[in-house]
Amino acid sequence: MAAPTVAPAGQLPLATPPAGIPSRRRRAHPGETRAAWTLAIPFTLLFAAFTVWPVLQSLFMSFTDTKEKDLRTPFAVNFIGLGNYARALGDPTFVKAAANTAYFVVVGVPLTLAVALLAAVALDKGITRLRAVYRLGFYTPVITSIVAVAVVWRFILQPDSGLANTVLGWFGIQGPNWLGEVQWAMPSLILMATWRNFGTGMIIFLAGLQSVPPSLQEAAAIDGANAWQRFWNITFPLLRPTLLFVSVTTAIGYLQFFEEPFVMTSGGPLNSTISLSMYTYNQFGYGNYGLAAAMSYLIFVVIAVVTALQFRLLRENT
Amino acid sequence: MRTPAMRTSAIAVLSVAALTLAGCGRPTETQPAAPQASTSIGAGPATGDLTIWAMGAEGEKLPDLLKDFETANPDVKITVTAIPWSAAHDKFTTAITAQKTPDLAMIGTTWMGEFAGLGALDPTPSSIDKAAFFPGAWGTTEVNGTSYGIPWYVETRLVYYRTDLAKKAGITTLPNDWDGLKAMAKAMQEKAGAKWGINLQPGGTGSWQTVMPFAWSNGAQLNNGDQWTFDTPEMAEAVQYYQSYFTDGISNKSPAPNSTVEPPFVDGSQPMFISGPWEMSAVEKVGGKGFADKYSVMPMPTKKTSSSFVGGSNFAVFKDSKNTDAAWKLVQWLAKPEVQVKWYQLSTDLPSVQSAWQDPALASDTKLATFGKQLQTAVAPPSFPTWEQVAAKFDTELEKVAKTGEDVKTALATVESEAQSIGTGS
C-alpha cells in the first residue's frame, strides 16, 4: 500500500480549504484554555502521583544501593551507577531465571498460538453443534483462579496416583514425576500455561476468522483450491493483524510469567522453573530494592525488544 | 508539536530529578551508642488505648486471651488487628516507614533483626526477667546484644515415628545417636514395609530447619560475630550425614512439590519425619481416632549435643507507640506463667516461659514433655536482617546436595561465599 502523499493527477486537491474560510484554526479563547487546564488538573495530579512518580522513583532506585532499611530516608542512599545492573547480570541464578523464561516463551508462545488458532478454526468451521458450550469451556480456564487451577493440576500431575500417569499407565508407559524432575517440570508448566491461556487467543482468532469475507473463500473454491490452500493462502494472510495482536499480548504475558512456578513448584526443582519475575519478586522480599528495581528494568527492556521484533516480523508487507 | 506547557513540565521533571540526585548520598556513618531501654515499667494498672497486630490463628484467638487483661485493667482499651501471615511483612515495613505502627505486635522471630535495624522497636525494660524464658528463644529477641521484646510462644523440631511400625522393625530401644537414627530408618524400610525410611526434605525452601539441628548438634555455628561460618568441618559432617539418607536410598530425593508429610506417615509408607509440635494435631486429624497411640516423638539424636531448632513468635513494643508503659505492662502480663498456660489451652502454642511447663496441662502429656525438654537446648539462627536471604541460598545448595549428590564441601564453600557477599546487613 503506497502512502497517499501525492495527490493523483487530475484529482482536485481536497486538502485545500474552499476560499472564504480562514485557513488558520480559530484561536482558542484564553478563558477556554484556563478552563481546559483546570479540568485536566485532577487527572494530571493523579497521573503524576501514581504513575509518573513511582516510575521515576523506581528508576532512581535501580541506580542506587537502596535497601529495606533505607525506607524511612529514601534519598539518603548512594548512587552506584550501573552497579545493580552489573550485579544482576553477573548473578548465576538471574541468568538461570533468564534462560528458564526464554525456554518458557520460545516454546510456550508458539504452542499457545497454535492451540488457540486450532480451537478457533474448529469452532468456526468444524464444530457446529453446541458451539457456545465449547467456546465457554475453552475460555473457562482463563477466568478461573490460578490457585484453584494449581490444586487440580497438582493432583493431575501426581507421580503415583495422578490422572496423567494413570492414563499413561493404561498404555504401559511409566509416567515421570512431572513437577519433581528437572527435565519435566518446565514442560509441565508450559502445558498448564497453554491450557490456561489459549482461550483468550481463541476468542480473538475467532473474531478474526469471522471477518474473512466468505466471497473470497468461494472464489478460491471455484478456482479449485482445496481447504488447506484456502486456509494457507487466504485466511491466514488476512489473519496477520490478529496474529500480531495475540502474539504480542501472549509474549508480554509469558515474559512476565510468575504465577505458575509460584503456586506449583516454588521455582524448583533445583531452580529449573524459577522465572525472571519470580526471582525479582524474591529480591524485593529480601529488601534489596535497588537490585530488584534494576532487574525489573532489565525485564522491561527485554519485553520492549521482543515486542519490537514481533512488530517487525509480523507487520503488513508493503 | 511542542507547546510551552510541555516545555515547562519537562523542565519541572528534570529539576525534580536533579534535586533528588543532589539530595542523595548516605550521611556519614556515626557509630550509634547501644540503645538503652527507655522505659521502666510503672506500677499500677495499664491505661489508655493500645493497638495490637497479630498474625494468623494467633491474631484471631488473641482477643479471647486479652479479656482477662482488660478485666484487670478496666481503663485500657485494646484493639487487636489480625493480619494474614502472607501480608504481614509488607504491612509492617510500610507501617514502620510511615511511622504508623501499632503500639505492640506479634513479630516473627526472623524479622527481629530487620525491624530492630530499622530502629522501630523499643528495647526490653530490664524489669523483665530473661532467665524465665528458654535461652534459645530469648536469643531470638536479641539484635547486636540488645533485646527487643519477649519470646511469646515457641516451637522446636523433634523426630516423629510410628510406634507400631518401630516394633515391627524390631526397634526396642530408641536411638540416641546419628548411627542409631539411620539404622532405625533403614529397619523401617527393610522390616516394617515402609517405602522410605524417613521423610526428609531434599533441600529447597525451609530445609535448613531440618539440617541445622544436626549441624548444631555437631557443634557447628552459622556465624562467628558478623562472619558467616558455613564452610566448617562440623557443618560439612552434618550435611554429609544428611546427604547419606538420599544416597543410601532411605529418603525420597524427588518427592512431588508441595507434598505433605501426614498421609505417608499415616499409611506407613514414610513412618518417620522431623517437624514441629503442630504436626501432632495434623497427623491425628489425618490418622483419625486412635492414631495418637500409634506414634510418638523423640529428641534429636545426640552427636556432641542434641540441639534442635527453636522458632515461634515474639512480642515487641514499637518505639513510635504513644503508650509504651501500658504496652510493656501487657507484654509483662503475656509472659506470666499462668497466662502462658491459658494461651496454650486456647491456641496450643507452646509456652516460652520455662516454669509454665510444670503446669499439669503440659507436664502430663509425654509427647509435649519431650518438646519441653528439647527446648532447653534448642538454638535459633542469628537475628541478622539478611538471614532469610542467606537461608534461601543455603536451601538451594542443600537441594543440589540431596538431589544431584553435589560434593558437600563445594556446596558449603558456595554458600559461604554467597553469604559473605550478601553480608549480615547490620
Side-chain angles (χ1 to χ4, degrees), chain A residues 33 37 40 44 48 52-53 56-57 59-60 63-79 87 91-93 150-151 154-155 157-162 176-182 184-185 261 263-271 273-274 282-288, chain B residues 5 9 12-13 16-17 19-27 89-90 93-94 96-99 113-115 117-120 195 202-206 252-259 269 385-393 395-397 399-400 402-404 406 414 418 421-423 425-426:
Chain A
T33 315
W37 278 106
T44 315
V52 178
W53 179 251
L56 288 178
Q57 169 93 35
L59 195 60
F60 167 76
F63 295 109
T64 67
D65 60 354
T66 306
K67 287 251 169 73
E68 188 153 30
K69 63 179 174 190
D70 300 313
L71 280 177
R72 275 189 175 179
T73 50
F75 297 113
V77 289
N78 285 337
F79 193 73
R87 209 176 128 203
D91 179 348
T93 316
V151 172
R154 276 210 293 271
F155 277 128
L157 298 174
Q158 276 285 328
D160 300 326
S161 51
N177 180 357
W178 295 98
L179 294 169
E181 276 171 31
V182 174
W184 286 108
V263 297
M264 297 286 287
T265 61
S266 323
L270 295 165
N271 282 342
T273 56
I274 196 164
N282 288 347
Q283 291 302 328
F284 271 114
Y286 299 140
N288 298 327
Chain B
S9 50
V13 166
V16 166
L19 277 173
T20 44
L21 286 182
C24 79
R26 291 181 188 282
H89 185 265
D90 284 350
T93 46
T94 317
I96 290 168
T97 311
Q99 309 199 330
E114 186 184 334
F115 296 170
L118 282 163
K195 190 173 179 204
T205 310
N252 183 6
K253 64 177 166 186
S254 47
N258 304 305
S259 53
S269 61
T386 52
W387 165 244
E388 295 212 22
Q389 194 179 350
V390 170
K393 296 282 183 197
D395 286 338
T396 306
E397 290 302 314
E399 191 177 10
K400 289 185 197 160
K403 288 186 178 168
T404 68
E406 194 190 35
T414 312
E418 283 178 339
S421 79
I422 291 166
S426 51

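Numbers restart at 1 for each chain; the letters A, B, ... are given by sequence-line order, proteins then strands. Side chains included, hydrogens not; waters and symmetry mates left out as well; all remaining heavy atoms used.
- Here the closest non-hydrogen pair linking A:G180 and B:S254 is O-CB, 3.9 Å.
- Among A:N177, A:V182, A:L270, the residue making the largest number of heavy-atom pairs under 4.5 Å with chain B is A:L270.
- Note on B:T93, B:T205, B:T396: by heavy-atom pairs under 4.5 Å with chain A, the leading option is B:T93.
- Atom CG of A:N271 is separated from atom NZ of B:K400 by 7.5 Å, given to the nearest 0.5 angstrom.
- For chain B, the nearby part of A:N288 is the side chain; its heavy atoms alone come within less than 4.5 Å.
- Only the side chain of A:P159 comes within contact range of chain B, with heavy atoms under 4.5 Å apart.
- With a 4.5 angstrom heavy-atom cutoff, B:I422 does not touch chain A via any of its atoms.
- Proximity to chain A (any heavy atom under 4.5 Å) is shown, for B:T94, by neither the backbone nor the side chain.
- Expressed to the nearest 0.5 Å, how far CD of A:E181 lies from NZ of B:K403 amounts to 10.0 Å.
- In this structure, chain B has heavy atoms under 4.5 Å from both the backbone and the side chain of A:E68.
- With a 4.5 angstrom heavy-atom cutoff, A:V263 touches chain B only via backbone atoms.
- To the nearest 0.5 angstrom, A:T93 atom OG1 is 4.0 Å from B:K393 atom NZ.
- Taking all atoms of both residues into account, the shortest heavy-atom contact from A:Y286 to B:Q389 is CD1-CG, 3.3 Å.
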